[in-house]
Colleague: 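Pasting in a structure now, in structure tokens, and then I'll have a few things to ask.
As the structure is a computational prediction, the values presented were derived from the model and not from experiment.
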Amino acid sequence: MALTFILITVFIDMLGLGILIPIIPFVVREFSASALTVGLLSMSFATFQFIAAPILGRLSDQHGRRPLLLFSLFGSGVGYVLFGFAHSLAMLFAARIIDGITGGNVSIAQAYIADVTKPEDRSKTFGLLGAAFGLGFILGPAIGGSIARVWGLSAPALLAAGLAFANTIYGFFVLPETHPLEKRRVADVSPRSLNPIGGVMRAMRHEHLGSIFLAIFVFNCAFSGLQSNFGLFALVQYNWGPQQTALLFSLLGIIGAVTQAVIVRKLVVKFRDRSIAAAGMWIQTVAYCLFAFVQRAWVLWPASALTSLGAGVTQPTMTGIISRAVDETEQGVMMGTTQSVIALTRIVGPLWAGFSFDWLGPGAPYWSGAIMIFVASFLVTSSPVRTKA
């Protein structure tokens with residue numbers, strides 16, 4: 001029951017985020033015609049998620065997973081309500097900032113999974129978590145676009161709010177605490193510890209996990225750059241429209257969900273997490289080279305399939321490596337640090353992709369991304385990480 005609730009929570013998180021994707025540009029247009037404003041609104045969510053994720057993780061190590069998870073779900077609902085009733089740009093930014101702060105609950109969900117699963121089973125369970133992400137990403141934009149056409153631009157955000165509040169109530173009655181008092185520790189809330197940049201830098205210098213965190217950063221910079229840039233790449237190179245791009249992203253979501261729910265569970269029985277993660281990165285390196293150097297529209301389909309397959313086996317196993325390398329008292333803070341690193345890549349990656357696209361050519365985000373992911377695979381295979389199990 002508890003694991004089911006966690007999977008539902010992550011699904012609703014991604015569904016709510018996906019529901020807003022097709023309507024944000026149109027909502028912003030009511031207040032500003034600037035494309036930069038749309039980008040800044042998206043960046044505000046990622047920035048505050050980057051700041052909040054390790055803090056929520058630390059607090060869950062001290063106060064338990066349950067209260068922090070319920071608080072973050074309720075906060076997301078408040079953010080969606082504010083977005084739905086926004087009558088100014090300031091309200092829109094406030095709504096996305098609130099949701100970004102409470103959207104750090106993924107780190108708590110991952111710590112919760114670490115509490116209730118054996119170390120050798122964590123990569124499989126993190127794979128289910130990734131599948132819930134993928135399913136929400138598939139359904140969210142379609143639901144948001146359909147509801148907006150029928151009931152207006154406020155309706156998708158209010159639906160997302162209703163789902164978040166319903167899940168909060170459901171969790172209040174069914175969610176047990178998994179982090180007992182004897183395993184809790186006082187959270188370090190000094191300015192130094194709460195500085196997200198400092199936290200990322202300390203993670204990169206971690207004695208055993210530094211190269212793993214660096215690999216996560218490099219890998220996700222390339223991947224988030226692809227996600228943000230692909231629509232423009234397909235338009236400029238092959239004159240694709242929104243419908244073709246949306247269909248391709250649905251393919252990515254389906255393959256990613258199946259990979260993380262089914263394929264990863266079979267692979268981790270036979271191979272080490274580190275080997276699986278590196279193999280996924282090699283697959284993505286090939287895919288990025290196809291995007292960059294094979295100038296045929298049909299190549300976008302197999303290249304995208306390989307990209308999703310590679311990411312699908314890499315992401316849960318990388319999280320599994322970190323979770324198995326630390327003890328129970330550190331799961332929250334380390335999962336929070338992981339999410340903070342990933343949130344930072346959602347800022348850096350799209351900026352690099354846009355800059356390289358404009359200055360080096362449409363294929364630049366992809367050949368540079370191939371280099372980055374290959375470097376990440378080397379970092380994983382050469383890491384001195386030691387597991388606790």
Side-chain angles (χ1 to χ4, degrees), residues 1-21 44-86 94-116 125-126 128-137 139-140 143-144 155-179 187 319 331-333 335-336 338-340 342-343:
M1 180 67 73
L3 181 58
T4 300
F5 174 81
I6 293 299
L7 294 176
I8 291 172
T9 295
V10 172
F11 169 72
I12 289 177
D13 274 357
M14 184 52 65
L15 186 69
L17 186 61
I19 281 173
L20 296 187
I21 288 175
S44 67
F45 174 87
T47 300
F48 279 86
Q49 188 180 51
F50 165 63
I51 294 169
I55 298 174
L56 290 176
R58 286 176 184 273
L59 292 175
S60 78
D61 283 339
Q62 176 176 352
H63 300 290
R65 317 296 185 209
R66 185 178 187 272
L68 270 296
L69 194 56
L70 294 177
F71 161 77
S72 64
L73 284 171
F74 182 80
S76 289
V78 171
Y80 289 133
V81 169
L82 192 60
F83 191 94
F85 290 111
R96 299 312 291 145
I97 288 170
I98 290 172
D99 195 26
I101 292 171
T102 55
N105 60 25
V106 174
S107 62
I108 308 172
Q110 290 175 330
Y112 197 105
I113 286 175
D115 291 340
V116 300
T125 312
F126 287 139
L128 290 176
L129 203 68
F133 261 95
L135 188 59
F137 182 76
L139 297 177
I143 292 173
L158 297 180
L159 172 63
L163 291 172
F165 288 140
N167 202 33
T168 305
I169 296 170
Y170 174 57
F172 181 82
F173 290 104
V174 307
L175 187 68
E177 179 57 67
T178 59
H179 195 52
T319 306
Q331 291 293 332
V333 65
M335 293 301 100
T338 303
Q339 288 306 309
S340 192
I342 293 173

Colleague: If you apply the rule side-chain contact (heavy atoms from CB on, under 4.5 Å), what do you find for Leu73 with Thr102, and how did you get there?
Modeller: CA-CA 7 Å; Leu73 284 171; Thr102 55; over 6 Å; no
Colleague: Measure the spacing between OH of Tyr80 and CG of Leu158 and express it to the nearest 0.5 Å.
Modeller: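 Answer rounded to 0.5 Å: 12.0 Å.
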Colleague: Considering all heavy atoms of both residues, which atom of Ala160 and which atom of Gly16 are nearest to each other, and what is their separation?
Modeller: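 Where Ala160 meets Gly16 most closely, the heavy atoms are CB-CA, 4.0 Å.
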Colleague: What distance do Phe173 atom CZ and Thr168 atom OG1 have between them, rounded to the nearest 0.5 Å?
Modeller: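 OG1 of Thr168 is found 12.0 Å from CZ of Phe173.
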Colleague: To the nearest 0.5 Å, what is the distance between OG1 (Thr47) and CZ (Arg96)?
Modeller: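 That separation rounds to 12.0 Å.
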Colleague: Return yes when atom CZ of Phe74 has more than 12 non-hydrogen atoms of other residues, nucleotides or ligands closer than 6.0 Å, and no otherwise.
Modeller: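 Counting other residues, nucleotides and ligands, CZ of Phe74 stays at 12 neighbours or fewer.
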Colleague: Please check: side-chain N/O of Ser76 versus main-chain N/O of Ala164, any donor-acceptor pairing under 3.5 Å?
Modeller: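 Here the side-chain-to-backbone pair does not exist.
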Colleague: Which atom names give the shortest non-hydrogen contact between Ser44 and Ile97, and what distance separates them?
Modeller: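 For Ser44 and Ile97, the tightest heavy-atom pair comes out as CB-CG1, 4.2 Å.
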Colleague: If I take atom OH from residue Tyr170 and atom CG from residue Leu70, how far apart are they, to the nearest 0.5 angstrom?
Modeller: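 Tyr170 OH to Leu70 CG: 12.5 Å, rounded to 0.5 Å.
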Colleague: Where is the tightest heavy-atom contact between Ile19 and Leu159, given as atom of each residue plus distance?
Modeller: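 Smallest heavy-atom distance, with atoms named: CD1-CD2, 4.1 Å.
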Colleague: Taking Arg66 for its side chain and Phe172 for its backbone only, find out whether a donor-acceptor pair lies under 3.5 Å.
Modeller: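 It does hold such a pair.
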Colleague: For the CD1 atom of Ile143 and the CG atom of Leu15, what is their distance to the nearest 0.5 Å?
Modeller: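 Reported value, rounded in 0.5 Å steps: 5.0 Å.
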Colleague: Quick check: closest heavy atoms across Ala157 and Phe83, and the distance to 0.1 Å?
Modeller: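 Heavy atoms of Ala157 and Phe83 come nearest at CB-CD2, 3.8 Å.
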Colleague: Ignoring hydrogens, what is the shortest heavy-atom contact between Pro156 and Gly144? Give both atom names and the distance.
Modeller: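 So the minimum-distance heavy-atom pair works out to CG-O, 3.5 Å.
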Colleague: For Ile8 and Asn167, which heavy atoms make the closest approach, and how far apart are they?
Modeller: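 Shortest heavy-atom separation between Ile8 and Asn167 comes out as CG2-OD1, 3.7 Å.
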Colleague: Taking the side chain as every heavy atom from C-beta outward, state whether Asp99 and Leu82 have any atom pair closer than 4.5 Å.
Modeller: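 No, too far: nothing below the 4.5 Å cut-off.
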Colleague: When rounded to the nearest 0.5 angstrom, what is the spacing between CZ in Phe71 and CD1 in Ile101?
Modeller: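 Here the interatomic distance stands at 8.0 Å.
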